[in-house]
Amino acid sequence: MDHNHVSPSFSLRTLIIDNYDSYTYNLLQLWEFADEETDQSKSPLSNVVVIRNDQFEWNEFKNNILPHFDNIIISPGPGSPENASDFAICRDVLKLENIPILGVCLGHQGIGIAYGAKVIPAKRIIHGQLSLIHHNGMNSVMSLFSGIPSPFWAVRYHSLVVDCQDLPSALMTTAWSSEEAVCDKTFLSTKETETFPNGTIDIMGLQHAYKPIYGVQFHPESISTEYGPQILRNFLRISTTYLKKIRKSNSFQKLPSHIACLSAFPTCPIIPKEIFVSLNVPKYQLIFKKLDSDIWIDCETVFQNYLSSDTSLGTWWLDSARQPDPQSRFTFMGSTPSIANSFSVSYWTSSKRIKITCSNGKVISKVLSGGQTFWDWMSFTMEHFNKCISGQLIIGDSRSSDQACSEVPFGFRLGMVGYLGYEMKYESLPGYTTPSRQQYQISINQPDAAFIFSTQAIIFDHLDKRVWLAGLVQSGNNYKPVISENLNSELSMTTGFSHSDFSEWINATEKQFRLLKEKFLFRPSLIMNSINRRDIGYRNMSSGDLTNFKKSLNIGTKPTNQIPRPVSPITNPFVSDLDSNSYINAINRARSLIFNGQSYEICLTTQFRTTLPSRLDNPLDLYRQLRKKNPAPFSALLDFSVENLAVLSSSPEKFVEVTHDGVVEMKPIKGTVAVASGCCCKDIENCDGSAKCEKNRQKEDALRMKSLACDIKERAENLMIVDLIRHDLAHICLPHTIRVPLLMKVESYKTMHQLVTTVCGQLKKDFNCVQAVRGCFPPGSMTGAPKLRSVQILDDLEDQMPRGIYSGCLGYFSFQDGKMGRNQGSAMFSVVIRTAVVFGGTELSIGAGGAITYPSDPDAEWREMLLKSQSVVPSVLAYLNQEDEKHELI
């Protein structure tokens, strides 16, 4: 047998100690799986347990936990191994005898401290970048680097290093890297060939002289590190050889169930018992109708003329505004007519209050008790209705439900449409507690989460140019389902359509489509003229007041050949939570914390707020400007009239999608540059605006795209979030199914180019779509890494100001598709960026921010943040500029 090979069925009992890092669970992806592995009891991970470094007191751990394991891996993490709060039980673990240990990054530094070395600040702070790692263990059977060529590429995330000077005799250097050899393999054609650099080195690998203790400073679990699985195989082989040598009698046994279940994240999610109620419920059908091919009309016209007037509970529009785009095939929209028997739900984390407003006028308000969270409530509610759905039907299609299911081209099957604000992290992020100061600043009015229970929808297929109608239809009568026992109340109505009401709605909607098409077919100017100014609300302002208000919003023009720099700042009435001085000071504080090893990347944000001079009664008018000026694949308008709240988004970033087949996909964005616009000619004064001018603009734009794709800093920021997302997915997905099919691809939008990565995995069978989203929330692209430590740091850097809806996610939780045995449901959420939030009709806010790493230039980061805000601000300007808009309409 090849000494470098470990069979997939090989099952050492491995304990991973997590130092609250956001890359720990990527270690699980290094284990070797058979391609057909589906039985988790036979998985090589069935004998692997992950615990947190403070999950047990030392004596309990030593006496009751440790004896069950054959080897230990100490994870990366923020901070320093010299701080007890950062390293916890790992300090004592490294003093143990007769157990193989592998330390990664922080664990590696801990080995140095435990055996007399010093840990010092690195001369070069490195996060998310690749280095060439040299070693001399390729031909040594007991080396961690056995069978691995030297040098090889590895990703580094660290601010501290083990001092290479005066290394204690108990420790041996097994791998190293030159301080100067930090780069990106994408742009180098050759590797260094020297066996040991002449200059100063950074220690990349350690080995104890006589104990089976090994350390690596780099991250073998990163998606861009070479030979990561081989390093793990070598450690497992070394462990096996050592255990046989000392004749440890209980090695290679199956872990007892009471030990296997100790993982910090259980295999099966737990919902508090109090949440469950009797499921003696009625049955529903999902019924669809595909309208005739001659009935196709612009979705904006439909929403403007048919749905926006329905304000009983609210309206919603998940708008694929960017056409054509692979991510923008479908647009979904809906309202809450009384015959649809719907409800809206709002939730506040500070009080744990949940409010349900029914379309029949009844309002239920209760406080979730005990350990219950809104995530639990939503999870149960979706499962409750999923078990009620008996199948689906396409009107005019006589095939079975499963056959009909395959005919429906979209994943949305009605359900909950809304948002989860950033402060929902209080209930999703393990180990997080709300700072006492922030508890008093959380708005008691704006909900932290709000959803509309969608029992009907209009769906536009932009590829096939077809319109679908969908409804949740009752199979029986005279039943009043209970949503939650804890609310101690019934909805006093049967949710969903009756068959007769659904038929009435289908017929009325189809008729309205034909009328709209007839109205606008030969008079297209009416489409534009349908922008009704009656709701603008500025007609009573004096011309001087309006002019002053618009001037105060003006952020100036932008140079075309560099990162846009506003000529003048956003001034009154827009007030930034952090002004330029405070924001730049926060950047410098973030860089200092990164230097000290507290984080790898910190996603700093702020918000610009203003009070509109008159009430915005119809947010559609402002949203139409936003979708025109900055179309995006995840644009959206959510109008929660019951909360006097509107969310207007032009987000380009998918947060997470869960398909009915259980495929989970995330698409983080990190790295932004403005699209070249205007004249880019060298001799601007003599440019005649000809085709040559456009060619120069295209050339400049191509250079910007190439620069973004090759920018080491931007790639590092993207890689940090990609590795974080892989870690998040490993909590909810089978680790061996996690893939990165597209790494750092440049995607272009109307105003900017962005660096985008796609990460996907297969959801564990015991998780539903709500639990999947919870496991990844909040979006890592809006926090930084490690996620928990970065969030805690951001609370302080952002002056304890709640972010609210901004930085959260927006989209839907969908019912299951009616196929037997599949009731996880589906979900699609975007990251709430490039978004305006209007609360109370007059309070408008726009959030913007950026990822801060140690190389960040504070002034450049401030300018980039302003660039992102400008994706929304011009739409506000255009909306207010009535005279210019009138000129356009003429």
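In this text, all values refer to a predicted model and were calculated from it rather than measured experimentally.
Smallest separation of non-hydrogen atoms from Ser830 and Ser651: CB-OG, 4.0 Å. Pro668 and Val722 get closest at one heavy-atom pair: CG-CG2, 4.3 Å. Considering every non-hydrogen atom in both Glu861 and Ser856, the closest pair reads OE2-OG, 3.1 Å. Looking at every heavy atom in both residues, Ser790 comes nearest to Ile602 through OG-CG1, 4.4 Å. Nearest approach of Phe595 to Ile125, heavy atoms of both residues: CD1-CD1, 3.7 Å. Taking every heavy atom of both residues into account, Cys681 and Cys693 meet most closely at SG-CA, 3.7 Å.
If you take OG1 on Thr331 and CD1 on Ile458, they are separated by 11.5 Å, rounding to the nearest 0.5 Å. To the nearest 0.5 Å, the span separating CG on Leu719 from CD1 on Ile712 amounts to 12.5 Å.
Of the possible donor and acceptor atoms, one in the side chain of Asp461 sits under 3.5 Å from a partner among the backbone N and O of Leu463. Proximity of a side-chain donor or acceptor of Glu798 to a complementary backbone N or O of Thr605 within less than 3.5 Å is detected. Remark: the backbone N or O of Leu578 is paired with a side-chain donor or acceptor of Thr606 at under 3.5 angstrom. With hydrogens and angles ignored, the 3.5 Å screen pairs a side-chain donor or acceptor of Ser599 with a backbone N or O of Ala785.
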Test Phe655 against Phe829 for ring pair (Phe, Tyr, Trp, His ring centres under 6.0 Å), laying out the working first.
CA-CA 5 Å; Phe655 170 41; Phe829 283 86; 7.4 Å; no
Stepwise side chain to side chain contact (heavy atoms under 4.5 Å, CB included) check, Leu645 with Ile805:
CA-CA 11 Å; Leu645 170 68; Ile805 299 170; 4.0 Å; yes
Working note: Val740 + Thr757, criterion side chain to side chain contact (heavy atoms under 4.5 Å, CB included); need CA distance, chi angles, decisive distance, verdict.
CA-CA 8 Å; Val740 182; Thr757 295; 3.7 Å; yes
For a ring pair (Phe, Tyr, Trp, His ring centres under 6.0 Å) check, start with the C-alpha distance between Tyr419 and Phe640, then their side-chain angles and the critical distance, and finish with the verdict.
CA-CA 11 Å; Tyr419 70 82; Phe640 295 96; 5.8 Å; yes
With side chain to side chain contact (heavy atoms under 4.5 Å, CB included) as the test, would you mind laying out the steps for Arg591 and Asn588 before giving the verdict?
CA-CA 5 Å; Arg591 293 181 66 250; Asn588 288 325; 4.2 Å; yes
Can Asp617 and Arg615 be said to form a salt bridge (charged side-chain N to carboxylate O under 4.0 Å, His left out), step by step?
CA-CA 6 Å; Asp617 291 321; Arg615 184 179 180 82; 2.9 Å; yes
Carefully, step by step, assess Gln698 and Glu694 under the rule side chain to side chain donor-acceptor pair (under 3.5 Å).
CA-CA 6 Å; Gln698 293 176 1; Glu694 172 59 18; 3.1 Å; yes
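Annotation: side chain of Arg329 is in contact with side chain of Pro409 (closest heavy-atom distance under 4.5 Å). The side-chain heavy atoms of Met666 and Cys776, taken from C-beta on, include a pair separated by under 4.5 Å. Taking the side chain as every heavy atom from C-beta outward, Phe839 and Arg609 never approach each other to under 4.5 Å. Side chains of Ser635 and Leu626 form no contact here, defined as non-hydrogen atoms less than 4.5 Å apart. Looking at heavy atoms from C-beta onward, Ile587 lies in side-chain contact with Leu604 at the 4.5 angstrom threshold. Under the 4.5 Å side-chain criterion, counting only non-hydrogen atoms from C-beta, Cys809 is not in contact with Val831. When side chains are defined from C-beta on, Met333 does not count as touching Leu318, because their heavy atoms never get closer than 4.5 Å. In this structure, Leu844 and Thr611 have side chains that are not in contact, with every pair of non-hydrogen atoms separated by 4.5 Å or more.
The side chain to side chain donor-acceptor pair (under 3.5 Å) test with Thr758 is passed by exactly one of Lys667, Lys654, Lys745, Glu665: Lys667. Exactly one residue among Asp728, Leu724, Asp723 makes a side chain to side chain contact (heavy atoms under 4.5 Å, CB included) with Arg726. That residue is Asp723. When each of Arg715, Lys670, Glu717 is tested with Leu755 by the rule side chain to side chain contact (heavy atoms under 4.5 Å, CB included), just one qualifies, namely Arg715. Screening Phe460, Phe634, Tyr623 for a ring-ring contact (aromatic ring centres under 6.0 Å, His included) with Trp317, the sole residue that qualifies is Tyr623.
In summary, the aromatic rings of Phe412 and Phe332 are positioned with their centroids under 6.0 Å apart.
For the side-chain hydrogen bond (donor to acceptor under 3.5 Å, both in side chains) test, no residue two or more places apart in sequence or in another chain qualifies with Asn585. Applying the salt bridge (charged side-chain N to carboxylate O under 4.0 Å, His left out) test to Asp701 and every residue at least two apart in sequence or in another chain returns nothing. The side-chain hydrogen bond (donor to acceptor under 3.5 Å, both in side chains) check on Tyr854 picks up nothing, with sequence neighbours excluded.
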